[in-house]
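A, B, ... follow the sequence lines: proteins, then strands. Residue 1 opens every chain.
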Amino acid sequence: MAIPIDPIASPKIGFEVLTPDEVRRIHEATLEVVETVGVRFPSERALEVWAAHGASVDRETHVVKAPRELVMGALAHAPASYVLGARDPSQDLPLDGKHVYAATDGCGIEIFDIDTGELRRSCLRDVADIARIADALDEVGFIWTPLSAQDMPPESRSLHELSAEWRNTTKHVQTETVVTVPEARAAVEMATIVAGSEEARRARPPLSIMQCTTSPLGHDGGSLDASMIAAEAGIPTGFMTMASCAFSGPATLAGTLVVGNAEVITGLALLELVAPGAPVFYAAAQTAMDLRSGAYTGGGPEDFLFGAATNALADFYRVPLSMGSFATGAKLPDWQAGVENSLSTFMASVVTSDMLLGIGLLNGSRIWSYTQMMLDAEIYSIVRKTLRGIDVSDEALALDAIREVGPNGDFLALKHTRAHMRELWQSRYMDRRMYGIWEKAEDRAPDWALARARDILRTHVPDPLDPAVSAELDRVVAGVERDAGTAAGPLLAPAAG
Amino acid sequence: MYEDLLQAMRASIVDGDQDAAAEAARAGLEAGMDPLVAIDEGYVAGLSHVGSCFSTGEMYLPDMMLAARAMKAALAVLEPAMAERSAVRSIRGRVVIGTVKGDIHEIGKNLVGTMLSASGFEVHDLGVDVPVETFVAKAREVGADIVGVSALLTTTMTGQRAVVQALSDAGMRPGVKVIVGGAPVTRAWAEEIGADGYSEDAVGAVALATRLMDAAVEPAKS
């Protein structure tokens, strides 16, 4: 039995981080950049497409300058809403502008081992274990490839990751590591196998693919080629900007929004030129550079503002948004992780960003922590409860209960209390014990989080993938490895995760 | 002597003003200043000031980059005069850097290159998507002390191992040191592939390169 996903739905609380006029100013500045500065598309095929549609294409520098009518005309083909399919149809995720689904984070390279706690390089087994635990959490809407399966060959690594995920969860799977033509073709084939038919794959795609842009104002060739194949197959595809204030974007937030926006909307426009009507999405995880080291910080007020502002842009272009939140730079599940992940997730959720990436990674999306995974899920549940707001129906105003108790009584032994008390949020990992108990105890809240992760991994059995389907997936992956073995070498540059 | 000019040179670096830096260099040459004096007592003194402000938290990375850019503008003016006099600026070491084959990410690598240049290293930047053989050939050609190999992807970082191996096969190790960097690179990885060091950021890379050069000069020191 699939465990039902309980997403944030139709938040009762909302706010406007950018006025419509401010959104328009960012949009106009973006179009000016796209028309006069251009965006780099280092892919022969992408350049052909742009040139065929009348954009100015520099074959030497790969810079495309596209007129606004071309970009906006293409984007108009993008569907405003569609469904992310799951192996179990009850777990399908409608991207309808009313829901906020959290995913696991990606794509990390190290992990605190679930048994020993030792920091070590990530492997395929970790991807499978994380998918299995995420399958059991009602806070997790879909699985994003969380870690790089570094024990698998580079040319088929992303596909092994996908197989491991489908085998360990019935939820939707999204990856950010399919960055070459052979991988993209294989991933589409695998999605068809999981869906059962090409028709089913298009109606309820069990896979979606995100590609990273190369800020400022660039794309990666392999990613572009892979994205066009995915879009043609109806696999929901998005581009993520990670422009960083003062580093890969201007020091100002508005300037960094413009740079990232130019990257994303030109990427999406390209896909709509290649496959009009293809399901696409906006993706972003902008941040501010650490002024001392130049590093990606993944937390701070700028990130929180980006989290809310980007949804205003995605709404303007009428496409779903996948927003980086939970992206703490903390090295351990500590106060920094709590502050950064709570505020980033709140800000991205209160504006109804469709997808949140993601749960579980520390150190700027590099190190997986099962403890953090559980704590992040709890943060999501806090935000989910907060955004449900306050019910002021007659039943909630509770006049009968108040009359019954009157002055100086208590509400403990009341049917109204019993009927509604379970609506109150219950913590798993906040330490609400009495001081005296806490003082004597050796366990702390993060220990409970890790213990639950271990318990789920030991006991939870996701609905299995049909062995015939599983064997088919293996066949596709083996085919890619066979072809790669005979090829002269990698033809296309992979992109960042 | 020349104190006003030297002061202008130092200020141009601290202000990160490349036009002022080039202008001061031209003025210095017209006044008959020795270009090496201009560099050491003017510009490098300005850089040292920026460096110390950085270490105390009064200045940030963009200040350093602007200072480095101003330094470059001054050197462009001074270098022809140095060549005429056969004057050679002392350097801290020769570094060949590049991003591995299959990887086109360069922003971090460029940052390291700029910081190394500003810190007195002679930097030969091979760009991105660099084949293993090119690292080896360039290191041999320029007599590199250090080869810096960048990779941003788990799928391309194996190229760092290949560069270490190729330099060994060419008989250039351990004389030529290899340093590695990039988002997926960890200390454990650097040790596993036999690199001489790794850094998580550009400032650390300069410290690492300096340490390796010092160690090469004083091998007895532990």
Side-chain angles (χ1 to χ4, degrees), chain A residues 40 42 62 107-110 118-122 147-158 161 177 179-180 183 212 214-216 218-223 242-249 251 289-296 363-367 489-497, chain B residues 51 53-66 99-112 114-115 128-132 150-159 161-162 181-193 199-207:
Chain A
R40 203 163 160 266
H62 304 145
C107 179
I109 52 166
E110 291 183 289
E118 172 207 8
L119 182 64
R120 60 166 173 79
R121 196 173 298 156
S122 58
L147 287 168
S148 181
Q150 293 173 80
D151 51 343
M152 293 293 117
E155 59 270 11
S156 60
R157 189 174 292 170
S158 64
E161 291 159 357
T177 61
V179 289
T180 63
E183 285 173 290
C212 275
T214 310
S215 300
H219 288 280
D220 174 78
S223 292
M242 295 177 73
S244 181
C245 286
F247 190 69
S248 51
M289 162 185 102
D290 177 74
L291 286 176
R292 297 183 55 73
S293 67
Y296 185 89
N363 193 28
S365 301
R366 289 202 188 111
I367 300 175
L491 298 170
L492 295 154
Chain B
C53 287
F54 181 84
S55 61
T56 58
E58 292 162 71
M59 282 191 165
Y60 293 126
L61 195 59
D63 295 310
M64 302 266 276
M65 297 299 280
L66 281 165
T99 302
V100 292
K101 182 84 190 153
D103 199 329
I104 53 126
H105 296 87
E106 61 177 341
I107 191 162
K109 181 261 301 167
N110 291 349
L111 179 55
V112 170
T114 303
M115 295 287 286
V128 298
D129 197 15
V130 180
V132 173
S150 174
L152 198 82
L153 311 169
T154 55
T155 47
T156 57
M157 64 193 268
T158 47
R161 188 202 296 273
V185 177
T186 59
R187 185 178 308 281
W189 171 250
E191 283 169 8
E192 179 184 322
I193 65 173
S199 166
E200 291 186 295
D201 64 21
V203 175
V206 172

Shortest non-hydrogen contact from [X] toward [Y]:
X	Y	result
A:Ser122	A:Gly108	OG-O, 3.8 Å
A:Ser223	A:Cys212	OG-O, 4.3 Å
A:Cys107	A:Thr177	SG-CG2, 3.8 Å
B:Thr156	B:Leu152	OG1-N, 4.3 Å

Inset, instruction - Answer yes or no: are there more than 12 heavy-atom neighbours, outside A:Arg120 itself, under 6.0 Å from its atom CZ? - result: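 Yes - once you tally the heavy atoms of other residues, nucleotides and ligands closer than 6.0 Å, there are more than 12.
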Legend entry - Over 12 non-hydrogen atoms of neighbours within 6.0 angstrom of CZ in B:Phe54: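 More than 12 heavy atoms, drawn from other residues, nucleotides or ligands, come within 6.0 Å of this atom.
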So which part of [X] gets closer than 4.5 Å to some heavy atom of chain A, the side chain, the backbone, both or neither?
X	answer
B:Glu106	neither
B:Ser55	backbone
B:Met59	backbone
B:Thr186	side chain

Inset, instruction - Measure from the side-chain N and O atoms of A:Ser244 to the backbone N and O of A:Met289, and report whether any donor-acceptor pair falls under 3.5 Å. - result: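 Confirmed, A:Ser244 side chain pairs with A:Met289 backbone.
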Legend entry - By salt bridge (Lys or Arg N to Asp or Glu O under 4.0 Å) - contacts of B:Glu200 (at least two apart):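 Counting only residues at least two positions away or on another chain, B:Glu200 forms no salt bridge (Lys or Arg N to Asp or Glu O under 4.0 Å).
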Residue selection (most heavy-atom pairs with chain A, distance under 4.5 Å) from [options]:
options	answer
B:Met157, B:Met64, B:Met65, B:Glu192	B:Glu192
B:Thr158, B:Thr154, B:Asp63	B:Thr154
B:Ile107, B:Val203, B:Asp201	B:Ile107

Inset, instruction - State the OG1-NE2 distance between B:Thr99 and B:His105, to the nearest 0.5 angstrom. - result: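 These two atoms lie 9.0 Å from each other.
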With only heavy atoms counted, which part of [X] is less than 4.5 Å from chain B, the side chain, the backbone, both or neither?
X	result
A:Arg157	side chain
A:Glu155	neither
A:Phe247	both
A:Arg121	side chain

Inset, instruction - Flag the one option from A:Gly218, A:Ser148, A:Ser158 with the top tally of heavy-atom pairs under 4.5 Å to chain B. - result: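 The residue among A:Gly218, A:Ser148, A:Ser158 with the greatest pair count is A:Ser148.
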Legend entry - chain B interface, residue from A:Glu110, A:Arg292, A:Gln150 that has the most non-hydrogen pairs under 4.5 Å: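 Ranked by contacts with chain B, first place is A:Arg292.
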